[in-house]
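Below is one structure, written out as structure tokens; comments come after it.
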Amino acid sequence: MKQVENLTNLLENARKGKYAVGSFSPRYTKLILPVVQAAVETDSPVIVQLSEKEIIRHQVNVEAFAREFYRVVEELDPQVPIALHLDHTKTFDVIRQAIDAGFTSVMIDASEYEFEENVRITRQVVEYAKPRKVTVEAELGKIGTTDFVETDHDEELFTVPEEAKEFCERTGVDCLAVSVGTAHGIYTVRQPHVDYDRLERINSLTRVPLVLHGGSGVPSQMVRKAVQMESGGVSKVNIATDVEQAMLQVVGREGHMTEAELNSCTEEQIAQSREAVKELVKEKMCCYVMSAGHGK
């Protein structure tokens, strides 16, 4: 069995290979299995993630999520690079709890603060995580939202390339989530776009892999272009809403469910939900982030 790893090699290999690693949020422990199955069947590196707001909204326990992740890894014995990532988190105690539970990567999101405070908070997390061989993702700029699952605000503020350079140098982060036009949630009125010139400029000034949040609902050609840019593009793409929507369509629900509500579904519903999620993730790996076949 390949060891569960942090993001260092996953994202460096993606950057060199002109593909991205999909960071998929199952949001429920029952849906971890199909995400990993999709990675195995497509020979793709994969990141399984969970955010602080998802923990609260879906009533998912951090330790239980990690236990199920490692149970699935032991059961499937995936011969592909795999990581367990804590997405958008603002609370240091939750980050510490996740690291203790076996998460190999964490994201501190202090993007709502002024630059200097963002630097200070991010450095604190880096100094805690690095000795534990846990990678750290941070955010600079504000990535908008439509559903308030990952973040509390719908304001969008594009990342300034020169600030990104200084931020990475002063914090020592391993990867950086940048605001270049996408948003969390389902696109309804506004349409997604990607500021490729801004991406290119940020890449030219920084040495860390870049992360595209709000991957759900963005046309595949936009993501592929962002991934395969000569300057390096983005090396990690977060996909959460699309995964949950695949499950909700099967069980005939809208909005969201709690962990307990999904667990109370029939075995047939859960099996069908898992199949729908697996096929969705496989499609994203093959046609979206272009990671299929890069599992070695």
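Hydrogens, waters and symmetry mates are skipped; everything else that's a heavy atom, side chains included, is used.
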Run the side-chain hydrogen bond (donor to acceptor under 3.5 Å, both in side chains) check on Asn203 and Arg198 step by step: do they pass?
CA-CA 9 Å; Asn203 260 314; Arg198 187 177 300 271; over 6 Å; no
Do Glu63 and Gln97 pass the side-chain hydrogen bond (donor to acceptor under 3.5 Å, both in side chains) test, and can you show the C-alpha distance, the side-chain angles, and the key distance before you say yes or no?
CA-CA 8 Å; Glu63 288 85 358; Gln97 182 184 10; 2.9 Å; yes
Worked check of salt bridge (Lys or Arg N to Asp or Glu O under 4.0 Å) between Glu116 and Arg170
CA-CA 10 Å; Glu116 289 297 330; Arg170 291 177 59 186; 2.8 Å; yes
May I have the step-by-step check of side-chain contact (heavy atoms from CB on, under 4.5 Å) for Leu31 and Met247, ending in yes or no?
CA-CA 9 Å; Leu31 300 183; Met247 177 274 291; 3.9 Å; yes
Go through the steps to decide whether Met285 and Asp43 satisfy the test side-chain contact (heavy atoms from CB on, under 4.5 Å), and finish with yes or no.
CA-CA 9 Å; Met285 289 172 167; Asp43 185 28; over 6 Å; no
Would you sort out whether Thr8 and Asn6 count as a side-chain hydrogen bond (donor to acceptor under 3.5 Å, both in side chains), showing the intermediate values?
CA-CA 6 Å; Thr8 300; Asn6 60 34; 3.3 Å; yes
Does Thr171 form a side-chain hydrogen bond (donor to acceptor under 3.5 Å, both in side chains) with Thr122? I'd like the steps, not just the answer.
CA-CA 6 Å; Thr171 60; Thr122 302; 5.9 Å; no
Please report the C-alpha distance between Thr29 and Val60 in whole Å, then the side-chain angles of each, then the deciding distance to 0.1 Å, and finally whether the side-chain contact (heavy atoms from CB on, under 4.5 Å) criterion is met.
CA-CA 8 Å; Thr29 56; Val60 183; 4.3 Å; yes
Candidate pair Glu137 and Val173, rule side-chain contact (heavy atoms from CB on, under 4.5 Å), full reasoning:
CA-CA 6 Å; Glu137 176 183 337; Val173 292; over 6 Å; no
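Residue-environment remark: CD (Glu268) stays at or below the threshold of 12 foreign heavy atoms within 6.0 Å. A 6.0 Å sphere centred on NZ of Lys133 holds no more than 12 heavy atoms belonging to other residues, nucleotides or ligands. More than 12 heavy atoms of other residues, nucleotides or ligands sit less than 6.0 Å from atom NZ of Lys18. For Arg123, the CZ atom counts as loosely surrounded, since its 6.0 Å shell holds 12 or fewer non-hydrogen atoms of other residues, nucleotides or ligands. Within 6.0 Å of CD in Glu75 there are more than 12 heavy atoms belonging to other residues, nucleotides or ligands.
No donor-acceptor contact under 3.5 angstrom links the side chains of Asn263 and Glu261, judged on distance only. Checking Ser111 against Asp109 by side-chain atom types alone, a donor-acceptor pair falls below 3.5 Å.
Asn238 places no side-chain N or O within 3.5 Å of a backbone atom of Gly22 that could act as its donor or acceptor partner. Side chain of Asp87 to backbone of Leu50: no donor-acceptor contact under 3.5 angstrom is found. Side-chain atoms of Thr159 come within 3.5 Å of backbone N or O of Ser179 as a donor-acceptor pair. Formation of a donor-acceptor pair under 3.5 Å by the Asp242 side chain with backbone atoms of Val281 is not found in this model. At distances below 3.5 Å, not a single donor-acceptor pair connects side-chain atoms of Ser23 with backbone N or O atoms of Val237.
Counting only heavy atoms from C-beta outward, the side chains of Met257 and Leu248 approach each other to under 4.5 Å. In this structure, Ile82 and Val36 have side chains that are in contact, with non-hydrogen atoms separated by less than 4.5 Å. Looking at heavy atoms from C-beta onward, Leu140 lies in side-chain contact with Asn118 at the 4.5 angstrom threshold. In this structure the side chain of Lys282 reaches within 4.5 angstrom of the side chain of Glu279, judged on heavy atoms. Looking at heavy atoms from C-beta onward, Leu33 lies in side-chain contact with Leu76 at the 4.5 angstrom threshold. By the 4.5 Å heavy-atom criterion applied to side chains, Asp197 and Asp195 are counted as neighbours. Counting only heavy atoms from C-beta outward, the side chains of Gln49 and Leu86 never approach each other to under 4.5 Å. With contacts defined as side-chain heavy-atom distances shorter than 4.5 Å, the pair Ile121/Glu117 qualifies.
In summary, Glu162 and Lys165 do not engage in a salt bridge, as defined by a charged side-chain N under 4.0 Å from a carboxylate O. Taking the charged nitrogens against the carboxylate oxygens, Glu259 and Lys30 have no contact shorter than 4.0 Å, which rules out a salt bridge. Looking at Lys90 and Glu52, no side-chain N of the basic residue comes within less than 4.0 Å of a carboxylate O on the acidic one, giving no salt bridge.
Ring pair His58/Tyr28: centre-to-centre distance below 6.0 Å.
Heavy-atom minimum distance, Arg274 versus Pro34: O-CB, 3.1 Å. In plain terms, the two heavy atoms of Leu11 and Ser235 that are nearest each other are CD2-O, 3.5 Å.
Under the rule for a side-chain contact (heavy atoms from CB on, under 4.5 Å), the partners of Gln59 that lie at least two apart in sequence or sit in another chain are Thr258. Annotation: salt bridge (Lys or Arg N to Asp or Glu O under 4.0 Å) contacts of Glu68 (sequence neighbours excluded): Arg71.
Stacking of Lys284 on the aromatic ring of Phe24 is not recorded, the 6.0 Å distance cut-off and the 45° axial limit not both being met.
Between Phe65 and Phe103, the ring-plane angle classifies as parallel under the 30° and 60° cut-offs. Ring orientation note: the planes of Phe92 and Tyr128 are nearly perpendicular, at an angle over 60° on the 30°/60° scale.
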